[in-house]
Amino acid sequence: MSIPLSDVACNRDEHLDEWVPQGSHSQVDECMRRTCPLESFEDFIEHHLIPNRPALFPSDLSREWSIWSLVRGDSHSSDDGHPEQRIVDLDALCSRFGHDTEVPVSYCGIPRDIEAKLPCVMLLKEYTEYLIYCRRMHCVYEEREETTMDRDNQDNVFSISVRLPCTMNSDLPGTSDVLELNYSLGHRIYLKDWHLMEILEQKYLNGETLPETDSCPSRISGGAEAGSGTLCDAVEPDKYPYSTPDFFADDYLNEYSLARRKSDYRFVYLGPAGSHTLLHTDVLGSYSWSCSVAGRKRWTFFPPTQEQYLRHARTGKLLSDITDSALIAEGFPDFAKAHRVVVVQHAGETMFVPSGWYHQVENLDECLSVNANWVNAFNIDWMLRTVCDDLRLAQMEIADAKDAFPGDWHHQCQRMVRANCGFDFAAFRDLAEHVSFRICVQLDHQRSESVPASGTTHSCKQGNRSPIRSKKYRLFELRRLHAVLQRMMRVWEENIDEQFASKELLHTQRVVDRLQVALHAHAIDVTQP
């Protein structure tokens with residue numbers, strides 16, 4: 001039976017048309033900056049979470065992070081109000097996190113069939129050596145138009161041989177163990193999706209000594225009141241390079257993943273000028289935030305309403321690279337009609353990326369950034385819709401194989417969804433149960449404290465130890481979790497095998513019932529004078 005996706009659809013696009021201006025990119029840039037800095041979490045809710053709009057925050061959110069000790073350069077502002085160019089201290093980076101630490105890498109400008117054969121990890125010391133080469137090439141590349149070298153000489157100047165494992169296939173450009181990269185052709189190696197915070201927290205659990213910081217004691221990460229947040233809440237905060245800004249601290253995704261010892265959704269990125277991330281939306285319909293510690297990034301956004309212009313006219317496949325004019329000409333005739341938002345992010349600034357917004361990001365300089373995907377009460381419905389969409393695709397993929405899974409076909413589809421995006425319906429229910437239990441504990445704790453029943457929070461600037469959400473906001477969270485679980489149950493009842501229905505649906509119904517009881521009990525507290 002088909003999934004009633006209308007049951008879980010998100011109705012947020014009504015705000016977008018009035019916000020996305022019909023003008024130059026500079027007007028868009030001013031529109032994004034106008035509401036920043038925001039003074040409170042309530043402002044963030046009103047101007048960005050409810051209408052699902054991007055935001056670019058100034059350096060207030062990150063000024064106390066210890067990761068700033070890993071960059072060097074002037075910290076004063078230039079004539080345009082932005083910090084002067086800062087570069088990563090590669091020696092300090094290796095010293096702090098280990099020369100022989102393995103880091104994940106991807107390749108920019110390399111054909112995908114070749115990239116698939118390349119190693120996906122390097123040692124940190126090897127990657128920093130590559131960045132030193134890129135720094136030299138960047139200086140030469142900027143001056144190349146002033147030279148008279150011919151094409152062959154340019155290729156020779158901008159080429160580098162990167163040593164690869166000897167087992168690498170011999171059909172790569174170069175020899176069997178060497179990859180030839182050409183800077184002028186856009187070939188780059190990008191350190192992406194480095195789970196640095198997870199690695200450091202695991203070292204703490206194993207009793208290892210964490211790397212010392214040089215300066216800038218960090219705030220405690222991610223935690224709201226008692227019972228939330230990550231392991232960083234319980235240990236010395238200055239041992240960690242950065243912390244979650246208060247605006248983004250209601251982070252169901254990482255809270256649940258870390259509690260279950262799953263891989264987290266917090267990442268460090270480091271790449272040379274010209275490295276980039278191709279067009280995409282964020283995993284699980286999540287929000288994301290990204291703070292540039294060093295270097296400038298150019299973000300190109302497309303609102304969710306523009307998706308029709310980003311799909312191939314015949315296949316429906318998403319456009320991968322908005323700078324590939326040949327690819328666009330081949331199958332995206334209406335791409336030029338798509339509204340876009342282009343913003344340059346400077347060092348110290350933090351970008352908030354809303355759910356469902358397509359974006360492509362280019363590093364204009366060598367960039368170091370910290371990033372995280374996160375889900376809260378305002379986009380938990382996006383997450384459910386994403387899981388439902390994946391379930392529909394899984395059902396279509398094995399629709400002809402029902403006979404091969406007698407009495408188990410729906411369960412097999414759920415397994416495929418979990419393998420693809422990390423969550424199936426059972427995991428989504430467990431996340432909601434975990435978060436709602438924590439919120440109920442916090443509400444019980446607030447009964448004996450002088451926390452206002454209305455409003456949202458005090459100021460959410462970085463100087464505060466952690467955000468304290470009001471009882472009214474916590475009840476809003478419970479209502480949202482209650483509503484999405486009810487929607488999921490309606491879908492699940494039509495897409496579950498009989499042998500699993502009793503156990504899974506009864507478990508989910510018990511969670512829904514407990515939420516209903518908690519809502520009733522705590523709503524009385526809020527309405528009392």
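Nothing here was measured: the structure is a model prediction, and the numbers come from that model.
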Interatomic spacing from [atom1] in [X] to [atom2] in [Y] - rounded to 0.5 Å:
X: Lys192; Y: Ser106; atom1: NZ; atom2: OG; value: 4.5 Å
X: Arg296; Y: Glu362; atom1: CZ; atom2: CD; value: 10.0 Å
X: Trp382; Y: Leu284; atom1: CH2; atom2: CG; value: 13.0 Å
X: Met416; Y: Leu393; atom1: CE; atom2: CG; value: 9.0 Å
X: Gln395; Y: Leu391; atom1: CD; atom2: CG; value: 4.5 Å
X: Arg188; Y: Met137; atom1: CZ; atom2: CE; value: 11.0 Å

Please check: side-chain N/O of [X] versus main-chain N/O of [Y], any donor-acceptor pairing under 3.5 Å?
X: His280; Y: Leu278; value: yes
X: Asn373; Y: Asp264; value: no
X: His47; Y: Ile45; value: no
X: His276; Y: Gly274; value: yes
X: Trp68; Y: Ser62; value: yes
X: Asn52; Y: Ser355; value: yes
X: Gln414; Y: Phe425; value: yes
X: Asp497; Y: His410; value: yes
X: Asp321; Y: Thr323; value: yes
X: Arg86; Y: Ala294; value: no

Checklist outcome for this item: Residue set satisfying ring pair (Phe, Tyr, Trp, His ring centres under 6.0 Å) with Tyr256, at least two apart, ordered chain then number -> Phe423
Next on the checklist: Suppose we screen for ring pair (Phe, Tyr, Trp, His ring centres under 6.0 Å). Which residues come up paired with His195, at least two apart in sequence or across chains?
Outcome noted: Phe267
Checklist entry - Nearest heavy-atom pair of Val484 and Leu384: which atoms, and what distance? => result O-CD2, 3.5 Å
[X] vs [Y] side-chain heavy atoms within contact, under 4.5 Å:
X: Tyr473; Y: Asp250; value: yes
X: Arg340; Y: Phe335; value: yes
X: Leu431; Y: Tyr252; value: yes
X: Ser369; Y: Val293; value: no

Pair [X]-[Y], side-chain donor/acceptor within less than 3.5 Å:
X: Trp299; Y: Gln345; result: yes
X: His312; Y: Glu330; result: yes
X: Asn420; Y: Asp390; result: yes

For the residue pair [X] and [Y], is the inter-centroid distance of their aromatic rings smaller than 6.0 Å?
X: Phe57; Y: Phe44; value: yes
X: Phe332; Y: Tyr309; value: no
X: Tyr287; Y: Phe352; value: yes

Next on the checklist: Run the side chain to side chain donor-acceptor pair (under 3.5 Å) test on Asp251 and Tyr265 for me, step by step, so that the C-alpha distance in whole Å, both residues' side-chain angles and the decisive distance to 0.1 Å come before the verdict.
Outcome noted: CA-CA 10 Å; Asp251 182 353; Tyr265 293 84; over 6 Å; no
Check [Y] with [X], please: is the shortest side-chain N to carboxylate O separation under 4.0 Å?
X: Arg266; Y: Glu201; value: yes
X: Glu366; Y: Arg135; value: yes
X: Asp365; Y: Lys297; value: no

[X]: which of [options] passes side chain to side chain contact (heavy atoms under 4.5 Å, CB included):
X: Val512; options: Met488, Glu433, His482; value: His482
X: Asp424; options: Arg429, Arg418, Arg415; value: Arg418
X: Phe302; options: Val341, Ile322, Leu319, Thr281; value: Ile322

Next on the checklist: Show, in sequence, the C-alpha distance, side-chain angles and deciding distance for Arg469 and Glu477, and conclude whether the salt bridge (charged side-chain N to carboxylate O under 4.0 Å, His left out) test is met.
Outcome noted: CA-CA 10 Å; Arg469 310 299 192 222; Glu477 290 186 286; over 6 Å; no
Checklist entry - Can you name the residues that form a side chain to side chain contact (heavy atoms under 4.5 Å, CB included) with Leu318, not counting sequence neighbours? => result Leu279, Leu310, Arg311, Tyr358
Taking [atom1] in [X] as the centre, count heavy atoms belonging to other residues, nucleotides or ligands within less than 6.0 Å. Is the count above 12?
X: Glu102; atom1: CD; value: no
X: Glu493; atom1: CD; value: yes
X: Asp400; atom1: CG; value: no

Next on the checklist: Does Asp113 form a side chain to side chain contact (heavy atoms under 4.5 Å, CB included) with Glu115? I'd like the steps, not just the answer.
Outcome noted: CA-CA 6 Å; Asp113 58 334; Glu115 181 183 2; over 6 Å; no
Item to check | Aromatic ring pairing Phe248/Trp374, orientation class (parallel under 30°, perpendicular over 60°, tilted between) | outcome: tilted
Next on the checklist: Before you tell me yes or no, could you show the steps for Tyr242 and Val268 under side chain to side chain contact (heavy atoms under 4.5 Å, CB included), namely the whole-Å CA-CA distance, both residues' side-chain angles and the distance that decides it to 0.1 Å?
Outcome noted: CA-CA 10 Å; Tyr242 66 93; Val268 170; 4.2 Å; yes
Next on the checklist: Could you go through Val105 and Tyr130, starting from their C-alpha distance and side-chain angles, then the distance that decides it, and tell me whether this counts as side chain to side chain contact (heavy atoms under 4.5 Å, CB included)?
Outcome noted: CA-CA 12 Å; Val105 295; Tyr130 166 73; over 6 Å; no
